[in-house]
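A quick write-up on the structure given underneath.
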Amino acid sequence: MPRAPKTAPEERLRDADRSQSTILTAARDEFAEYGLGGARMDRIAERAGLNKRLIYYYFEDKEKLFQAVLEQAYGNIREEERKLRLQDLTPAEAVRTLIEFTWNYYLAHPEFLTLLNSANLHKARHLQDSRQARALNSPLLNLLAEILERGRRDGSFRGGVDPMQLYISIAGMAYFYLSNNHTLSAIFGRDLMSSKARNERLSHMTDLILGGLLRD
């Protein structure tokens with residue numbers, strides 16, 4: 001049977017979803033390039049190919065738009081992490097997989113790091129007001145807690161590891177290296193973004209993190 005034609009409200013909803021998605025992509029690129037302070041709504045509208053009034057209609061102002069971009073950025077990385085199905089892996093392999101994923105995701109999405117830089121510059125006030133951001137991140141910590149407990153029970157991991165501290169260590173070791181690679185490369189006189197250097201960094205991170213978890 002032929003599909004029934006979409007009703008006018010359905011079409012409007014699809015158009016609204018497409019417009020908001022286009023705006024968020026354009027805003028992400030603008031904020032990543034210029035930061036919150038330097039971003040301009042005129043340029044976001046130009047990037048999106050939409051009327052600026054439509055951006056204000058959906059997101060009210062630049063502050064709300066930046067919050068929405070941050071929420072989407074966290075939503076994207078959490079969604080990709082869920083696809084790893086860490087719960088189906090052994091504890092050690094789950095942590096190793098998360099380290100590799102985090103490193104590779106940051107490499108593939110440098111805009112995520114620059115968005116976080118801008119958010120921190122403004123003391124994360126946009127995330128403090130975001131229930132969605134907290135809701136997105138809590139399941140990851142719960143999953144890490146379960147992985148750590150499985151490892152403790154089977155004797156592969158030592159006990160007493162805080163899942164939040166573990167994730168901060170994984171993210172921080174990748175984040176600092178990549179966000180500061182220009183200065184680090186300059187002061188140490190090495191190309192820290194060469195293929196060899198990136199592989200060495202991932203291996204080093206993995207050895208350090210797992211070394212602190214695995215029982216002798």
Side-chain angles (χ1 to χ4, degrees), residues 24-39 43 47 66 69-84 86 89-124 126-127 133 136-137 140-141 143-144 147-148 151 157-158 161-214:
L24 286 172
T25 298
R28 179 202 65 196
D29 294 343
E30 176 77 7
F31 289 130
E33 184 172 354
Y34 295 102
L36 174 61
R43 284 199 300 260
R47 287 175 186 263
F66 185 61
V69 167
L70 290 175
E71 290 170 343
Q72 183 186 64
Y74 274 107
N76 289 342
I77 190 171
R78 297 289 93 90
E79 175 62 26
E80 294 303 310
E81 285 167 345
R82 283 193 289 273
K83 294 177 183 178
L84 301 174
L86 299 177
L89 304 176
T90 66
E93 192 58 32
V95 172
R96 182 186 300 275
T97 299
L98 181 60
I99 296 169
E100 293 176 353
F101 165 81
T102 303
W103 174 250
N104 289 320
Y105 190 90
Y106 288 1
L107 280 171
H109 298 276
E111 77 283 353
F112 182 66
L113 304 186
T114 54
L115 288 171
L116 294 188
N117 288 341
S118 188
N120 277 291
L121 185 64
H122 294 273
K123 303 188 185 302
H126 304 86
L127 293 175
L136 285 167
N137 288 282
L140 173 64
L141 293 187
L143 177 57
L144 276 179
I147 291 168
L148 289 170
F157 286 172
R158 65 181 180 85
V161 179
D162 184 328
M164 184 191 72
Q165 294 291 354
L166 173 61
Y167 184 74
I168 290 174
S169 292
I170 293 171
M173 291 175 70
Y175 178 91
F176 183 86
Y177 184 99
L178 295 174
S179 65
N180 294 276
N181 80 83
H182 297 296
T183 52
L184 293 171
S185 293
I187 63 176
F188 292 122
R190 294 172 59 180
D191 180 6
L192 296 184
M193 292 303 288
S194 69
S195 178
K196 181 176 182 292
R198 293 198 308 267
N199 290 335
E200 288 174 347
R201 181 59 181 176
L202 176 57
S203 178
H204 179 74
M205 289 167 50
T206 303
D207 288 346
L208 277 181
I209 295 294
L210 285 177
L213 291 175
L214 295 171

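Residue numbers start at 1 and run along the sequence shown. Predicted model, so just to flag it, every value in this text is computed and none were measured.
Under the 4.5 Å side-chain criterion, counting only non-hydrogen atoms from C-beta, Phe101 is not in contact with Ile170. Taking the side chain as every heavy atom from C-beta outward, Leu184 and Phe176 approach each other to under 4.5 Å. Annotation: side chain of Tyr105 is in contact with side chain of Asn76 (closest heavy-atom distance under 4.5 Å).
Ion pairing between a basic and an acidic side chain is recognised when a charged N comes within 4.0 Å of a carboxylate O; Arg43 and Glu33 show no such pairing. A salt bridge links Glu200 with Arg190: at least one charged nitrogen is closer than 4.0 Å to a carboxylate oxygen.
In this structure, CG on Leu24 lies 9.5 Å from CD on Glu71, to the nearest 0.5 angstrom. Atom CZ of residue Arg28 and atom OG1 of residue Thr114 lie 9.5 Å apart, to the nearest 0.5 angstrom. Note: Leu121 CG to Asn117 CG = 8.5 Å, rounded to the nearest 0.5 Å. Leu214 contributes atom CG, which lies 10.0 Å from atom CG of Asp207 (distance to the nearest 0.5 angstrom). To the nearest 0.5 angstrom, Leu107 atom CG is 11.5 Å from Arg201 atom CZ. With rounding to the nearest 0.5 angstrom, the CZ atom of Arg158 is 9.5 Å from the CG atom of Leu148.
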* To do: Step by step, work out the side chain to side chain contact (heavy atoms under 4.5 Å, CB included) result for Ile209 and Met173.
  => CA-CA 10 Å; Ile209 295 294; Met173 291 175 70; 3.8 Å; yes
* To do: I would like to know whether Leu89 and Thr97 meet side chain to side chain contact (heavy atoms under 4.5 Å, CB included); could you show each step before the answer?
  => CA-CA 9 Å; Leu89 304 176; Thr97 299; 3.5 Å; yes
* Determine, step by step, whether Tyr34 and Ser118 satisfy the side chain to side chain contact (heavy atoms under 4.5 Å, CB included) criterion, reporting the C-alpha distance in whole Å, the side-chain angles of both residues, the deciding distance to 0.1 Å, and the verdict. => CA-CA 9 Å; Tyr34 295 102; Ser118 188; over 6 Å; no
* To do: Using the side chain to side chain contact (heavy atoms under 4.5 Å, CB included) rule, take Phe31 and Leu70 through it: C-alpha gap first, then chi angles, then the decisive distance, then the call.
  => CA-CA 10 Å; Phe31 289 130; Leu70 290 175; over 6 Å; no
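Side chain of Thr206 to main chain of Leu202: a donor-acceptor pair is present (N/O by atom type, distance under 3.5 Å, no hydrogens or angles). With hydrogens and angles disregarded, no donor-acceptor distance shorter than 3.5 Å links the side chain of Ser185 to the backbone of Asp191. Without hydrogens or angle criteria, Arg47 side chain to Thr25 main chain gives no donor-acceptor distance under 3.5 Å.
Scanning for side chain to side chain donor-acceptor pair (under 3.5 Å) contacts around Tyr177 gives an empty result, with sequence neighbours left out. Partners of Lys83 according to the side chain to side chain donor-acceptor pair (under 3.5 Å) rule, which considers only residues two or more places apart in sequence or in another chain, are Glu80. Taking Glu93 as the reference, nothing meets the side chain to side chain donor-acceptor pair (under 3.5 Å) condition, with sequence neighbours excluded.
Relative orientation of the His126 and His122 rings is perpendicular, given thresholds of 30° and 60° on the angle between their planes. Note on ring orientation: taking the six-membered ring where Trp is involved, the planes of Phe112 and Tyr106 are tilted (angle from 30° to 60°).
Surrounding CZ of Arg96 are at most 12 heavy atoms belonging to other residues, nucleotides or ligands under 6.0 Å away.
Of all the heavy atoms in Glu81 and Leu140, the pair that sits closest is OE1-CD2, 3.6 Å. The minimum heavy-atom distance linking Ala27 with Val69 is given by the pair CB-CG2, 3.7 Å. Looking at every heavy atom in both residues, Trp103 comes nearest to Ala174 through CE3-CB, 3.8 Å.
Here the rule is side chain to side chain contact (heavy atoms under 4.5 Å, CB included) with Thr102, and of Asn104, Ile99, Leu98 only Leu98 fits it.
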